[in-house]
Every structure is written in C-alpha cells, then in structure tokens.
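For reference, the structure is listed below as structure tokens.
As the structure is a computational prediction, the values presented were derived from the model and not from experiment.
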Amino acid sequence: MSRIYRLVVAVLGSPIVWGAAAGTAFFALVHGGVLGRNFFPRYCAGHPVNYAETYLFFVGLAVLVRKALEVAGQRQRLGRIHLGPVPAGGQSPDEAPSLLARLERLPQAWHGDYLVRRLRDGLQYVFRRGSGEGLQEHLNQLSEADETRFHASLGLLRLIVWAIPILGFLGTVIGITMAIANLRPSALEESMTEVTAGLGVAFDTTALALALSIVLMFVQHSVDRACGALLEEVAHRAEAELLGRFPEYAQSAPESAILRRLADTMVRSLEQLVRRQAELWQQALDEAQSRWATMAAEAGQQLQSALAGALADTIQIRSRQEADARRFEETLARLAAAIHLLNARLGEPPRSSVISLERARRTGEAA
C-alpha cells in the first residue's frame, strides 16, 4: 500500500500532470469564448503546433511555480529550525545523536528542506569523526552539492525552454510548405487566400514560441535568484548552528585525536604516493608503447626494403637468364642455317650431325 501511495503522490505532484491540466483548462476557456474571440484562438489554437507550444509552456510554468512555492516555504521555515543554544564549553561529539533525534522530531514535510539536510549531514559527519575537525570544508561541499541538486531539478524546464523555439521553427517550415503547396500560378488571385493562411501559420507559431520562451526565461531567472538567496542563507544558518559547537579535537581523549590526525596525514600521504605511482606507471606504459610502435615501424620499413631488394635481384637474374637463352637460340639458329647451307652444297648430311644438333638444341632449352 505504501508503494501505491508514494506512486499516487508522485503522479499527482508531477509538473507534467499539473501543466497538462492547466493547459486543458486554458483551452477550455479559449474555445468557450471567455478569453476573447480573436487573439488567443488565433495564436494559441490556430494550429496543432500552437497547441503543443502552449501545453509545453504550461508544463514549464508548473515546474517554476512548484519550485517557487518550495523556496518560499523553506524560507518561511528557516527561523523555526534550530539545534538549540550552544553550551559555554561546547558540546561533545557524543551528543550528536540527541541533536539528530531533535531534527527527526520535526514535521515530516520539513525533512527535505535544505537546512534540515545540511544540519543532519553535518551532525553525522561530526559523530563519525568524533570531533569538529574539517567541518567547515564538509559544509562547503554540502553547499556545492545543494547547488548542483537545484540545477539538476530544473532539467525539465531547460528542456522545455529549448523545445518551444524548436517547435516555432517547425511551425514556420510547415506554414511555408503549406503556402508553397497552395500556390497556383494559373489561378493566382484565387490561391492567394490559402497562401496567406499558410504564411500566417508560419509567423504565428514562431511569434508564439518566442513570446512563451521569453516569459519562461524571465520567471526562471527570478526563481534562480530566490533559490540562490535561500542557499546562501542556509549556508550561514548551518555554519552558525554547527561551527563552534563541537571542539576541533576530542577533549576526553587527546591521544586518540592526535593518533587520528596522524592517521589522516598518513592516509593523505599514501593517497598522494599512490597517485604519483599510478602516474609514473602510466607514463612508463605510454613510453613503452611509443617505443614499440617506433620499433615496429622501423622493422616494417627494413623488411619492406629487404623484400624490395630481393625482388629486384631476382628480376635482374631472370632477365639475364632470358637474355642468355635468347643468345643461345640465335646461335643455334645461325648454326642450323650454316648446316642447311652445307647440306645444300654437299648433299645429305650425316645422321650423327643432325642428332648432335638436336641434342645441343634440347640442352640449350633445358638451360
């Protein structure tokens, strides 16, 4: 049941729901004629793009109204949230749980306030550490975290402020496309009404988008300033409530405080040593990788040069062999011509001469 309850509360508290409801109510008034019959129907309900821009505007406005009410409520409750007066000699860190219990007795709706969270985190830090040492730095970190959290809470608003002008440009493109599509040169006077209607859509959507974006940005600026002032006041109140309440070192056990300080110093030194060692390892790895890359490139160039030289030598040897073979064939041809001429003069040559010539020719071809 608790999950269902939290889901219902989250849905009902969503700015999207409230913005959609406000936009629906606004269009009901527009179409009912309550808000006039020319201006709002033309600029807010003249085209589907105008509807989308108006709904996004109301969602963004709901985000800003919700944030403004939250800031106003927290500012009103600042004076009612306190830890009580600081004793003359300060308080022991062992009393931090009782102060945390006092914060827990506040109304449930106040537990999400910046000041309540800041005090609770500061008390938990003091209780864990056993002293107030380093509390100022911790409070500064909490202040930066709250500023980051506030900036992140307006992410939907920044998206809407960006999306509304984009929708306006989309309406401009649609309107110009309608005007060009309805333009008929053969019947220019008859199509002029449809052309001007398309241009009207283009200009109306852009004008509405720019106007709504300007309104949202001005309201956002006011909310940002109000929340910034609230965070500054929360920081001052938290420092006034916590700083000076707890001693820098535990009074009941000064030896343990000294040992804790020495341990913190050793931890910081070890962290610096580890970071330095990691940097040196990374530098060594980068240098080794660079050397390996250089050696691989040089080896590749040397291998390429060796292969190119071997290939050139092989081609040169093959060329010489082919030249020798051609010269041998030419010699055999001249010898065959001489034998043919001698046969023509003397008659049939001996069988042994022909056989010797054939063997010499085969030997040359084999070579």
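- A search for side chain to side chain donor-acceptor pair (under 3.5 Å) contacts involving E147 returns nothing, not counting sequence neighbours.
- Judged purely by atom type and a 3.5 angstrom limit, T205 uses its side chain to pair as donor or acceptor with the backbone of A202.
- Residues satisfying the salt bridge (charged side-chain N to carboxylate O under 4.0 Å, His left out) criterion with D121, sequence neighbours excluded, are absent altogether.
- Transitive grouping of hydrophobic side chains (ILVMFWY, heavy atoms separated by less than 4.5 Å) keeps I160 and I166 in distinct clusters.
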Next item on the list: Check the pair C227 / Y114 against side-chain contact (heavy atoms from CB on, under 4.5 Å), numbers first and verdict last.
Entry: CA-CA 11 Å; C227 188; Y114 290 116; 4.3 Å; yes
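- For S98, there are no side chain to side chain donor-acceptor pair (under 3.5 Å) partners, not counting sequence neighbours.
- Looking only at side-chain heavy atoms (C-beta outward), M178 and L199 stay at 4.5 Å or farther from each other.
- Contact record, Y125 with E133: OH-O, 3.0 Å, taken as the closest heavy-atom pair.
- Follow the hydrophobic side-chain contacts under 4.5 Å out from I180 and you never reach V173; the two are in separate clusters.
- Cluster membership check: L212 does not share its hydrophobic cluster with F169, using side-chain heavy-atom separations under 4.5 Å among Ile, Leu, Val, Met, Phe, Trp and Tyr.
- Counted by atom type alone, E144 and N140 present zero donor-acceptor pairs between their side chains at under 3.5 Å.
- In the hydrophobic clustering of ILVMFWY residues, with side-chain heavy atoms under 4.5 Å counting as a link, L216 and L69 come out together.
- No donor-acceptor pair closer than 3.5 Å links the side chain of R225 to the backbone N or O of H221.
- Ring centroids of F27 and Y55 are separated by less than 6.0 Å, placing the two rings close together.
- Ring planes of F26 and F58: tilted class, angle from 30 to 60°.
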